[in-house]
Amino acid sequence: MTKLSFDYHTKVNSHNSSYSCLWINPLSSSIGAYTTSFQRIRLSKRGWERIKVGKYCLQTSYKLFHTRFYMGNGNSFGRCFRISTWGESHGAGVGVTVDGCPPQLPLTVDDIQRELDRRRPGQSRIVTPRKEQDEAEILSGVVDGQTLGTPIAILVRNQDQRPQDYDTVAVKYRPSHADATYDAKYGTRAVAGGGRSSARETIGRVAAGAIAKKILATYCNMEILGYVQRVKDIAAIHLDPDKVTLEQIEKNIVRCPDERVAQEMIELIDKIRRSGDSLGGVVECIVRNVPAGLGSPVFDKLEAELAKACMSLPASKGFEIGSGFSGTYMTGSEHNDEFYIDSDGRTRTRTNRSGGIQGGISNGENIILRVAFKPTSTIGKVQKTVSTSGEEVELRGKGRHDPCVLPRAVPMVEAMVALVMVDQLMQQIAQSFLPFRRESIAFHSLGKELFH
C-alpha cells in the first residue's frame, strides 16, 4: 500500500528571493526485494526540478522516496465511455483513443468520416481555407465492421501544415488567444497553429462522438442535432427546435435551418471576412428520444456534465439549457412545467422550460441547450499586444482561420453532447440494472424505459 504526504515549503534560492514549492512524498512499505533508484521531484514556480536521491532497498529500509505527481493533464473525458485526444494542429496528425465502447457494435470508417466531413476545414468560403481531407484511419478496436470492446484508436493525418505562418506568433502573443497562458503554465508551447489549443484538436472529439451517436441511435433511437441559432445580432428566433431536421441544417453553408435568416448570416460573415475581422454567435442543440433517469444528483447533474463538455470546446464562452437566463425574468408560476398524462399513459410536461432535465436528471422530454462562441481570436487587423520579451508591440494575425467558428462548431457541440449522453447511459445501466432492480427501475410513469 502506498500513501501520499504533501509538504509545502518556502525555499530561498541563490538570489535570496523566496518561492513556494510542493513536495509529493509517497510512503512505501515493502514493495519487493530489489534495489532501485528514484528521483526526487520538486514542483515550484520555476518548473519541475529533478534531484537524484540515491538507491534504496525498499524491502528492508522503509525509507521515504519521492516521485512526480501529475496534475491537470486535461486530455481525457468521460468515465465509462472515455476518450483521450492527442496531436497538435501542425504536427504529423491528430486523433483519439476511445475506451469503453461496447463490443459487437456495427462500425465502419464511413460512420466516422461522415461526421468529420461536417467539421472539415475548407468546406466553404465562410470557414478557414486550410485544405485538409481529414480522412479517418481506424487503427484498432474494430474488425470486420464490428467493435471488439477493446480501445479504438483513430488517426487523421495533417497534410496542409504551414508553420511559417506562425513565425511572428512565436515572439508576439495573440490577443485573447492561448499563447500567453500556455507559456505561463508550461514554459513552452507548440507555436504553429496553437498546438493543442487549436480547434483541430476537436477532430478526435468529433470522431469519438460519431461512435457515441451510433450507440445512442442503436440503443434508444436518440437523435442529436445542432444548428446555428445566431450570428452576432442576426438570429433565427422563429425556429421550433422540436421540428428541425438534419436536411434543413445541412441545406446551407452556415448550418442554420431557417433559410432566409441563413442568407443574412452568410452575407454578414462574408463582409466581416473581407475586412479581416471575425464574428461569434450561438449554436443551439436538441436531443430527442432521451430516456428518463439519466444524470445524478448534486455534483454530477446532467446539465452540469453537458455544460462542462460544451464549455471545453475552443472559443466557447457561455452555456444555457432550457429557458436559460431568460428564465430569470419569469415568476415561478410562469416558469414551471406543468405535468399531464398523454394518450399513451406517460407523464409529460406541457412546456419544456426545464430543457428536458429536472433535478439534474433527464425527464424524458427533449433536451435543448445553447452554447455561445466568441469571435475567432486570430484576425487580420493590427492589434496591440506584448512580446515574449515583455515589450509592447503590434501584431497582425497570419495563417488561415475561420472568420466565424459557428458552422464548424455545430458537429463539435453535437459530439460533446453525444459523449456525455452515452457516458451517462452506460453509468445508469451499470448502477441501476442489476437483476434484482430491473422491474422496479425499467418501468415508470415517465416512460422511455432504459432497459431492453
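Only heavy atoms go into these numbers, but all of them, side chains included; no hydrogens, no water, no symmetry mates.
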How many angstroms lie between atom [atom1] of [X] and atom [atom2] of [Y], to the nearest 0.5 angstrom?
{"X": "Ile357", "Y": "Leu294", "atom1": "CD1", "atom2": "CG", "result": "9.0 Å"}
{"X": "Asp402", "Y": "Phe373", "atom1": "CG", "atom2": "CZ", "result": "11.5 Å"}
{"X": "Arg288", "Y": "Leu216", "atom1": "CZ", "atom2": "CG", "result": "15.0 Å"}
{"X": "Glu391", "Y": "Thr385", "atom1": "CD", "atom2": "OG1", "result": "12.0 Å"}
{"X": "Ile368", "Y": "Asp242", "atom1": "CD1", "atom2": "CG", "result": "5.0 Å"}
{"X": "Thr128", "Y": "Arg120", "atom1": "OG1", "atom2": "CZ", "result": "11.5 Å"}

### Query
Picking from Asp337, Asn363, Asn336, Thr349, what satisfies side-chain hydrogen bond (donor to acceptor under 3.5 Å, both in side chains) with Ser354?
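When side-chain hydrogen bond (donor to acceptor under 3.5 Å, both in side chains) is applied between Ser354 and each of Asp337, Asn363, Asn336, Thr349, only Asp337 qualifies.
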## Note on the structure
Per side-chain hydrogen bond (donor to acceptor under 3.5 Å, both in side chains), Tyr173 is matched among Thr181, Thr388, Asp183 by Asp183
Salt bridge between [X] and [Y], side-chain N to carboxylate O under 4.0 Å?
{"X": "Asp423", "Y": "Arg79", "result": "no"}
{"X": "Glu135", "Y": "Arg157", "result": "no"}
{"X": "Asp111", "Y": "Arg114", "result": "yes"}
{"X": "Lys301", "Y": "Glu305", "result": "no"}

Between [X] and [Y], is any pair of side-chain heavy atoms under 4.5 Å apart?
{"X": "Glu338", "Y": "Thr351", "value": "no"}
{"X": "Ile249", "Y": "Leu225", "value": "yes"}
{"X": "Ile154", "Y": "Ile211", "value": "yes"}
{"X": "Ile253", "Y": "Gln123", "value": "no"}
{"X": "Cys285", "Y": "Val417", "value": "yes"}
{"X": "Asp270", "Y": "Ile126", "value": "yes"}
{"X": "Ser362", "Y": "Met421", "value": "no"}
{"X": "Glu284", "Y": "Val413", "value": "no"}

Do you know the tightest heavy-atom contact between [X] and [Y]?
{"X": "Lys172", "Y": "Glu394", "answer": "NZ-O, 3.0 Å"}
{"X": "Pro241", "Y": "Ile286", "answer": "O-CD1, 3.0 Å"}
{"X": "Ala136", "Y": "Val156", "answer": "CA-CG2, 4.0 Å"}
{"X": "Ala208", "Y": "Val98", "answer": "CB-CG2, 3.8 Å"}
{"X": "Ala207", "Y": "Ile112", "answer": "CB-CG2, 3.7 Å"}
{"X": "Glu303", "Y": "Phe319", "answer": "O-CE2, 3.9 Å"}

### Query
Are Arg260 and Glu264 close enough, and set up right, to give a salt bridge (charged side-chain N to carboxylate O under 4.0 Å, His left out), and what steps lead you there?
CA-CA 7 Å; Arg260 181 188 61 80; Glu264 294 180 23; 2.8 Å; yes
Donor-acceptor contact below 3.5 Å, side chain [X] vs main chain [Y]:
{"X": "Asn75", "Y": "Thr85", "value": "no"}
{"X": "Arg230", "Y": "Lys232", "value": "yes"}
{"X": "Ser140", "Y": "Ala153", "value": "yes"}
{"X": "Asn352", "Y": "Asn366", "value": "yes"}
{"X": "Ser278", "Y": "Thr376", "value": "yes"}
{"X": "Asp342", "Y": "Arg346", "value": "yes"}
{"X": "Arg370", "Y": "Glu320", "value": "no"}
{"X": "Glu414", "Y": "Gly226", "value": "yes"}
{"X": "Arg82", "Y": "Asp99", "value": "no"}
{"X": "Thr147", "Y": "Pro106", "value": "no"}

### Query
After noting the C-alpha distance and the side-chain angles of Cys404 and Ile272, does the key distance pass the side chain to side chain contact (heavy atoms under 4.5 Å, CB included) rule?
CA-CA 9 Å; Cys404 178; Ile272 292 296; over 6 Å; no
Decide whether [X] and [Y] meet the rule of one side-chain donor and one side-chain acceptor closer than 3.5 Å.
{"X": "Tyr227", "Y": "Asp258", "answer": "no"}
{"X": "Ser326", "Y": "Arg353", "answer": "no"}
{"X": "Glu201", "Y": "Ser198", "answer": "no"}
{"X": "Gln263", "Y": "Glu259", "answer": "yes"}
{"X": "Ser377", "Y": "Ser176", "answer": "no"}
{"X": "Thr202", "Y": "Arg119", "answer": "yes"}

### Task
Sort out for me which residue in Arg200, Arg118, Arg408 forms a salt bridge (Lys or Arg N to Asp or Glu O under 4.0 Å) with Asp134.
Arg200
### Task
Check the pair Lys213, Glu223 against salt bridge (charged side-chain N to carboxylate O under 4.0 Å, His left out), reporting the backbone distance first and the verdict last.
CA-CA 8 Å; Lys213 279 186 175 183; Glu223 182 183 31; over 6 Å; no
### Query
Run the side chain to side chain contact (heavy atoms under 4.5 Å, CB included) check on Leu313 and Arg205 step by step: do they pass?
CA-CA 10 Å; Leu313 288 168; Arg205 307 183 194 215; 3.6 Å; yes
### Message
For Lys374, I'd like to know if atom NZ has over 12 heavy atoms of other residues, nucleotides or ligands within 6.0 Å.
### Response
yes
### Query
Would you say Tyr340 has more than 12 foreign heavy atoms packed within less than 6.0 Å of its OH?
yes
### Task
Show your working on side chain to side chain contact (heavy atoms under 4.5 Å, CB included) between His177 and Thr378 and close with a plain yes or no.
CA-CA 7 Å; His177 210 284; Thr378 307; 3.5 Å; yes
### Message
As a quick check of understanding, evaluate side chain to side chain contact (heavy atoms under 4.5 Å, CB included) for Ile234 and Leu268, giving each step before the final call.
### Response
CA-CA 9 Å; Ile234 299 176; Leu268 178 59; 3.8 Å; yes
